[in-house]
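Since we're looking at a predicted model, the values are computed, not measured. In what follows, every heavy atom counts, from backbone to side chain, and hydrogens, waters and symmetry copies are set aside.
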Amino acid sequence: MKLLEKIEEIKKEISNNQSNSFNIIKSNIPKYTMYSYMCECNKNNLDKYALRFGRSRYTYRDFIELIDIYAKGFKGMGISKGDRVALLLPNLPESTIIIYALNKLGAISDNIDPTSKEERIKYFLEKEKVNAIVCFDKVYENTFKPIEDFIFNNLNINKVLITKITDSLPFFEKTVYKLKNKENDIIKRVNSLYDKVEILNIERFINNSKYQICQTNPYIKNEVATICHSSGTEGIPKTIPSTNENVNFIAFQHQLSNIDYSRVKTFLHVLPGFAQFGFSDSMHLGHCLGLEMIEIPIFSQDTIIDLLLKTKANCLFGVPSFWLRLTESNKYKDVDLSFLEEAVYGGGSLTITQKANINKFLISHGSRCLLRTGYGMSEFNGTCILEDPFISTPGSCGIDLLGGSGLIINPDTFEELPNNMPGHLYYCKGSNPVCEFDGKILHNPIIINGKEYIDTGDIMKKNSNGEYFFIGRASGMISRYDGYKIYPSVLENAITNSFLIEDCMVSEYYDKEVYGSMPIVYIVPNTYFDMNNIKENICSIINNCVLKNKDMSYRDIPKKWKIVESLPYTSSLKKDYKQLKNKELDNTEITITCDETNMGLNNFEVNVPYILNKTLVKKRW
């Protein structure tokens, strides 16, 4: 039976037996490699567009033919089944083609952040036993050049493919680009220095493919297909290997869901491929749904909404900052969003107020959708929980996607907690993460009700409707000097509920006065925040957003407040908590002094440094 017919049959079986949907889906996981699954999904879409970059467009027929050519090119380079190939690439047509080409051969694509520093690249190349490298030319010049000796002599990597922005451009645009931009001849220079290194450009790589015959690697259960990495906001990014089943399962879940993608034709692909959300949840999902992926290799927080409006893409998966920028900038007050059919955010949180404002903006500007909240983890290849924004409880991140199952567990007793009680989220999918890789244990699953659950490290609660509510990361929790636990996301949600605040981030610092950790909040004020009355503004936020919040106590009041123009983000566009944690205090912070007893809070004082304001306000509680 054909794949799409099989999916329709499974949907009918689930509708007749909802209580057993998890087992039905698990027992019917498609037995395909990533490449074969994408091809099977698009057998009837060959004349539809698969990729767009600038004025270049590729149909699915073109796309699959190019994958075959590139697979032959890699075979000509000596790449074979099981080899690991490091990819340091932005989102370009070649990047996607290369990933599927390696999978067709049975090789493993190791997707590394191309903005990584030299030491981190050395670390990944050595740790992950890489056999060859595919690298964007600008990345090579800026980062690889200083560590060539280590790569070619110490690690003995001798196969390199260099890609350029012009590889994807039509002839005229390519010619104009070359006239305006000087290109360094990396290949000529490397060949003159390292005689044992085979370094190719795309033109020669494709030319070599003409002399190769390439068979498609057959599906083998639990075979690792790709490696991505976590965002690394709390340290060195974790290595996350994924099997073909892991990557395919996200697409399979969406194909079985009730989400209607029939009106979605184009997908703005901005999330990076080295992160799982950009790999499984964007690139592979989009292609398995038969969408045209609009590749965006270079962008900034300032340009992402401009790109959405320019391309008029029907679908955008993004992080909260994308949507906040759309609604909070006067630049977009008169935009037409009638082209937008699906909008999803993850990788961070929005307050109930922020999300309500975004949805109000979307509807008032003609959008065909509301913003959908998603929750997932890199270890689970992206989305686990997804919201229906038309019927969900405010603040919820949704319910389990079909084929997923979450439990709220007491980590000390391993017992399931009652509804609305916070605890650790343990999760199970029809296709669970790889638990051991390269001799290292990555996860220690526990058996509950006959299923293997993995601790996500997130604190959540769940209501009687099966909706999840995110509280915070267990690892990001701040334990005050007195043992009181503060969850940054809860405090951030409370503070950003103030009409004075555009955004904020909560971190911690070592307080010498109390000999322990205390919270510090970095706030981005909006136009309502009066810089001439800082003390009154901070008092208002503490009184109305912290002390009156039923889920918080006076111990949640950050001792330090710092006003900033913007917040730091990682290369995968998540808030960079690691950068804040390493920041030194510089005496420009506003200090809150609380008169606390074991009975409660007597009063607090807001001390504004001289550089900001000379005044002091004392609030009686």
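Here the options are I64, D62, T59, the test is side chain to side chain contact (heavy atoms under 4.5 Å, CB included), and the partner is L46; only I64 passes. When the options P272, P90, S95 are evaluated for a side chain to side chain contact (heavy atoms under 4.5 Å, CB included) with P297, the one that passes is P90. Checking each of F124, F279, F274 against H229 for a ring-ring contact (aromatic ring centres under 6.0 Å, His included) leaves exactly one that passes, namely F124. T163 pairs with exactly one of L88, V139, V134 by the side chain to side chain contact (heavy atoms under 4.5 Å, CB included) rule, that one being V134.
At least one donor-acceptor pair closer than 3.5 Å links the side chain of S56 to the backbone N or O of S168. Listed for the N91 side chain is a donor-acceptor partner under 3.5 Å among the backbone atoms of L271. With hydrogens and angles ignored, the 3.5 Å screen pairs no side-chain donor or acceptor of K31 with any backbone N or O of N28. Using a distance-only test at 3.5 Å, with no hydrogens or angles considered, a donor-acceptor pair links the side chain of S282 to the main chain of F277. At least one donor-acceptor pair under 3.5 Å links the side chain of N42 to the backbone N or O of H287. With hydrogens and angles ignored, the 3.5 Å screen pairs a side-chain donor or acceptor of T33 with a backbone N or O of S36. A distance-only check finds a donor-acceptor pair linking the side chain of N314 to the backbone of F339 [under 3.5 Å]. In terms of modelled atom types and a separation under 3.5 Å, the side chain of N17 and the main chain of I14 share no donor-acceptor contact. Using modelled atom types, one side-chain atom of H269 and one backbone atom of G278 make a donor-acceptor pair closer than 3.5 Å. Of the possible polar contacts, none joining the K48 side chain to the Y60 backbone as a donor-acceptor pair under 3.5 Å is found.
Looking only at side-chain heavy atoms (C-beta outward), Q253 and L256 stay at 4.5 Å or farther from each other. With contacts defined as side-chain heavy-atom distances shorter than 4.5 Å, the pair T266/K312 does not qualify. Counting heavy atoms from C-beta on, the side chains of E94 and F136 never come closer than 4.5 Å. When side chains are defined from C-beta on, P433 does not count as touching N246, because their heavy atoms never get closer than 4.5 Å. Looking only at side-chain heavy atoms (C-beta outward), F144 and V160 stay at 4.5 Å or farther from each other. A heavy-atom distance below 4.5 Å is found between the side chains of N103 and N244. Side-chain contact between V335 and F361 is present, with heavy atoms from C-beta onward closer than 4.5 Å. The closest side-chain heavy-atom distance from L92 to D167 is not below 4.5 Å.
Between L105 and C214, the shortest heavy-atom contact is CD2-SG, 3.5 Å. Residues A132 and I79 come closest through the heavy atom pair CB-CD1, 3.6 Å. Looking at every heavy atom in both residues, C228 comes nearest to N111 through SG-ND2, 4.0 Å. The two residues L350 and P320 come nearest to each other via the heavy atoms CD2-CB, 3.6 Å. Pairing each heavy atom of G82 with each of I108, the nearest pair is O-CD1, 4.2 Å. Closest non-hydrogen pair, C288 versus Q255, comes out as O-NE2, 3.4 Å.
Judged by distance alone, the side chains of K238 and S378 never bring a donor and an acceptor atom under 3.5 Å apart. Side chains of E245 and Y219: a donor-acceptor N/O pair is present below 3.5 angstrom, by distance only. No hydrogens or angles considered: a donor-acceptor pair under 3.5 Å links the side chains of T226 and S109. Side-chain atoms of D400 and Y468 form a donor-acceptor pair, as typed in the model, at a separation below 3.5 Å. Side-chain atoms of N217 and K81 include a donor-acceptor pair closer than 3.5 Å. If you check the side chains of Y140 and E148, you find a donor sitting under 3.5 Å from an acceptor. Under the 3.5 Å distance criterion, with hydrogens and angles disregarded, a donor-acceptor pair is assigned to the side chains of E387 and S392. No hydrogens or angles considered: nothing links the side chains of N201 and D137 as a donor-acceptor pair under 3.5 Å.
Atoms CG and NZ, from L402 and K11 in turn, are 10.0 Å apart once rounded to the nearest 0.5 Å. Put simply, NZ on K355 and OG on S396 are 7.5 Å apart, with the number rounded to the nearest 0.5 Å. Note: I358 CD1 to L371 CG = 5.5 Å, rounded to the nearest 0.5 Å. To the nearest 0.5 Å, atom CZ of residue F74 and atom CZ of residue F205 are 4.0 Å apart. Atom-to-atom distance recorded for I250:CD1 and D281:CG is 4.5 Å, nearest 0.5 angstrom. A distance of 9.5 Å separates CG in D47 from OH in Y49, rounded to the nearest 0.5 Å.
E9 and K6 are joined by a salt bridge, as a carboxylate oxygen and a charged side-chain nitrogen come within less than 4.0 angstrom of each other. The existence of a salt bridge linking D83 and K159 is excluded, since no basic side-chain nitrogen approaches an acidic carboxylate oxygen closer than 4.0 Å. Ion pair D185/R189 not flagged as a salt bridge, since none of the NZ, NE, NH1 or NH2 atoms sits closer than 4.0 Å to an Asp/Glu carboxylate oxygen. For the pair E292 and R57, the salt-bridge criterion is met [side-chain N within less than 4.0 Å of a carboxylate O].
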Test side-chain contact (heavy atoms from CB on, under 4.5 Å) applied to I133 and I151, step by step: CA-CA 10 Å; I133 295 167; I151 293 169; 3.8 Å; yes

Residue pair F152, N158: steps toward the side-chain contact (heavy atoms from CB on, under 4.5 Å) verdict: CA-CA 6 Å; F152 299 140; N158 60 4; 5.9 Å; no

side-chain contact (heavy atoms from CB on, under 4.5 Å) assessment of L102 paired with L87: CA-CA 11 Å; L102 290 170; L87 309 184; 4.1 Å; yes

Audit row: L285, T383, side-chain contact (heavy atoms from CB on, under 4.5 Å) steps and yes/no: CA-CA 11 Å; L285 170 62; T383 306; over 6 Å; no

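Around CG of D260, the count of heavy atoms belonging to other residues, nucleotides or ligands within 6.0 Å exceeds 12. Atom NZ of K26 is surrounded by 12 or fewer heavy atoms from other residues, nucleotides or ligands within 6.0 Å. Within 6.0 Å of CD1 on I399 lie no more than 12 heavy atoms contributed by other residues, nucleotides or ligands. Heavy atoms from other residues, nucleotides or ligands lying under 6.0 Å from CZ of F390 number more than 12. By the 6.0 Å contact criterion, NZ on K127 is enclosed, its count of non-hydrogen atoms from other residues, nucleotides or ligands being greater than 12. Applying the 6.0 Å contact sphere to CD of E203 captures no more than 12 heavy atoms from other residues, nucleotides or ligands.
With ring centers used as reference points, Y58 lies 6.0 Å or more from F53. When ring centroids are compared, Y332 and H365 stay outside the 6.0 Å threshold.
A perpendicular orientation is assigned to the rings of Y32 and Y37, their planes being inclined by more than 60° (bins at 30° and 60°).
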